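The structure presented is a predicted model; accordingly, all values stated were derived computationally and were not measured.
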Number of protein chains: 2
Amino acid sequence: MATDRTRTAILNAAERLYAERGFSDVTLRDIVGEAGVNLAAVNYHFGSKDELIAELYVTRSIATNRIRLAELKAAEDAGGGRAPIEAVVRALVGPTLRGCLGPATENTTIARFMIRASIESVPPIRKIRNREISHLRRFAQAMKRSLPDAADVDIYWGLHFALAMAHQTIRDSERLNKLSEGACDLGDVEGVIERVVTAAALALTAGSPSSYKAPARAATARGRPTARD
Amino acid sequence: MATDRTRTAILNAAERLYAERGFSDVTLRDIVGEAGVNLAAVNYHFGSKDELIAELYVTRSIATNRIRLAELKAAEDAGGGRAPIEAVVRALVGPTLRGCLGPATENTTIARFMIRASIESVPPIRKIRNREISHLRRFAQAMKRSLPDAADVDIYWGLHFALAMAHQTIRDSERLNKLSEGACDLGDVEGVIERVVTAAALALTAGSPSSYKAPARAATARGRPTARD
DNA sequence: TTGCAATTCAAACAGTTGTATGAAACTATC
DNA sequence: GATAGTTTCATACAACTGTTTGAATTGCAA
């Protein structure tokens, strides 16, 4: 047993390769090659490839949420238990955006891995991911504290949209950069974060269709009546 | 040559299976089984699996964008060449959300396939997808017509965020449903569309961090200074 | 040192994948 | 109806995957 050196080397190598190349492009032989261990070590220490991925995901998601929740707690403590909604959103999306859009360092591998996990959704991860959402509940509660008058359903949609914008920005940054011909500066990480935070805060405070006075709607191309008319 | 019956059967079967199960879970043997043709027919008619996927994606993305652009044109014609920003966003995200969240019919397969293509990003598709963005330019121009005073960069971000919210809603609907304990009704497709449209319109009209007066920001957990301070 | 369990290793295994082959069946033209 | 070109078919192939095996090596306690 000793120090589980081999186990840790496998986990770290897998995290690095999955973060860089995604799950579908990385084989066990790639991982053990990167880790400098024997192929059979994976099944010896983890039982199977899926169990390796599951353990990797669990440990990394715990670490990620610890950072997010620490940032949330700091923001709430600074505000006497109630943080501005922007600060809550920032704690939710900031660490991931910084880790994925900022310069690649040792500390950013985990953010890039988690994004891969949320994008590719390989079976052993999907199960855990759809079951374990306690950190989202924590953030939803914090948002309710920030916006005590908001309806619950609006909170959930706002939280969902905040994650959506952050993830898609990471995922499709190349296309956004090409479309805008460089006008959308993804290198300005903190600027990107404020964009996402601002848009999410707007959706949370004024984004309910019922509370938002939309201009008269034009007919759709297919003339379909909409449910809210 | 005759009627290319086999070719079409392969394309349709591939579209259906990829839409339902994703790219990584569907093999050529699954496709030819569903199509009722011989395995070798794929390489005979398309050259390789990747070329089949590429052709499938090209034809389907053209069809999808034809629908979106027709809806956009109808909205602009109804407004004398300038549609409300909500209508532009609705034309962009409505067809996809209806196709993916609404009841599964023959006509919705294409929307579900396109979402898979945008989610899984398999190599032959990624190349095309990152190069061919003319439909996004069309929508960006329409948005500029709707909001002549908006800065270009805000338009691009708003367009990007609109797609982000729509895609993530399709992709992560299960988790949103669980988090909200059913409060976010994803069966009310038109209601979901209005949520996305409203949030995107808000981001487009008031979402620039410089134009949005955010409350004072709380310190982050790690005390990192932000670039915009 | 001796003995025993834990760990590592090279090699093989079984299954699946996309692709290639060559014969058979079909189609249309003369 | 014979023939040439196209399309279909069963089958084989080569490469790659995760997993298993059994022998070698290591580490540690007696």
- Can you list the steps and then say if N12(B) with E34(B) is a side-chain contact (heavy atoms from CB on, under 4.5 Å)? CA-CA 9 Å; N12(B) 288 342; E34(B) 177 90 355; over 6 Å; no
What nitrogen or oxygen pairs link the protein and nucleotides 18-20 of chain D at under 3.5 Å?
| from | atom 1 | to | atom 2 | distance (Å) |
| --- | --- | --- | --- | --- |
| dG18(D) | OP1 | K49(A) | NZ | 2.6 |
| dG18(D) | OP2 | L28(A) | N | 3.1 |
| dG18(D) | N7 | R29(A) | NH1 | 2.9 |
| dG18(D) | O6 | R29(A) | NH2 | 2.9 |
| dT19(D) | OP2 | N43(A) | OD1 | 3.4 |
| dT19(D) | OP2 | K49(A) | N | 2.8 |

- Task: Would you mind listing every salt bridge (Lys or Arg N to Asp or Glu O under 4.0 Å) that reaches into residues 44-55 of chain B, with sequence neighbours excluded?
- Result: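 Sorted pair list: R7(B)-E55(B).
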- Which salt bridge (Lys or Arg N to Asp or Glu O under 4.0 Å) pairs, counting each pair once, include a residue from residues 123-141 of chain A, with sequence neighbours left out?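 Qualifying pairs, neighbours excluded: R129(A)-D172(B).
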- Residues within residues 10-18 of chain B bordering DNA chain D, heavy-atom distance below 4.0 Å: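 Here the set is empty: none.
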Distance-only, no hydrogens or angles: does the [X] side chain make a donor-acceptor pair with backbone N or O of [Y] under 3.5 Å?
| X | Y | result |
| --- | --- | --- |
| S121(B) | S118(B) | no |
| T108(A) | A104(A) | no |
| R175(A) | N130(B) | no |

- The correct set of residues in residues 116-129 of chain A placing a heavy atom under 4.0 Å from DNA chain C is none
- Quick one: is H45(B) getting a side-chain N or O under 4.0 Å of the dT6(D) phosphate, OP1 or OP2? no
- Message: Please confirm whether the shortest side-chain N or O distance from T6(B) to OP1 or OP2 of dT8(D) is below 4.0 Å.
- Response: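 Yes, because at least one side-chain N or O of T6(B) sits under 4.0 Å from OP1 or OP2 of dT8(D).
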- Query: Who passes salt bridge (Lys or Arg N to Asp or Glu O under 4.0 Å) against R112(B), sequence neighbours left out?
  - Reply: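 For R112(B) there are no salt bridge (Lys or Arg N to Asp or Glu O under 4.0 Å) partners, ignoring immediate neighbours.
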Starting at [atom1] of [X] and ending at [atom2] of [N], how long is that distance when rounded to a whole Å?
| X | N | atom1 | atom2 | answer |
| --- | --- | --- | --- | --- |
| F46(B) | dT7(D) | CZ | C1' | 14 Å |
| R5(B) | dT6(D) | CZ | C1' | 13 Å |
| R7(B) | dT8(D) | CZ | P | 11 Å |
| Y44(B) | dA25(C) | OH | P | 17 Å |

- Message: Return the NZ to CD distance between K178(B) and E174(B), rounded to the nearest 0.5 Å.
- Response: 8.5 Å
- Could you label the plane-to-plane angle of the W157(B) and H160(B) rings as parallel, tilted or perpendicular, counting under 30° as parallel and over 60° as perpendicular?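 Answer is perpendicular, since the angle exceeds 60°.
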- Query: So does K73(A) have more than 12 non-hydrogen atoms from other groups sitting under 6.0 Å from NZ?
  - Reply: no
- Query: What closest approach, in Å, do A166(A) and L97(A) show between heavy atoms, and which atom pair accounts for it?
  - Reply: O-CD2, 3.8 Å
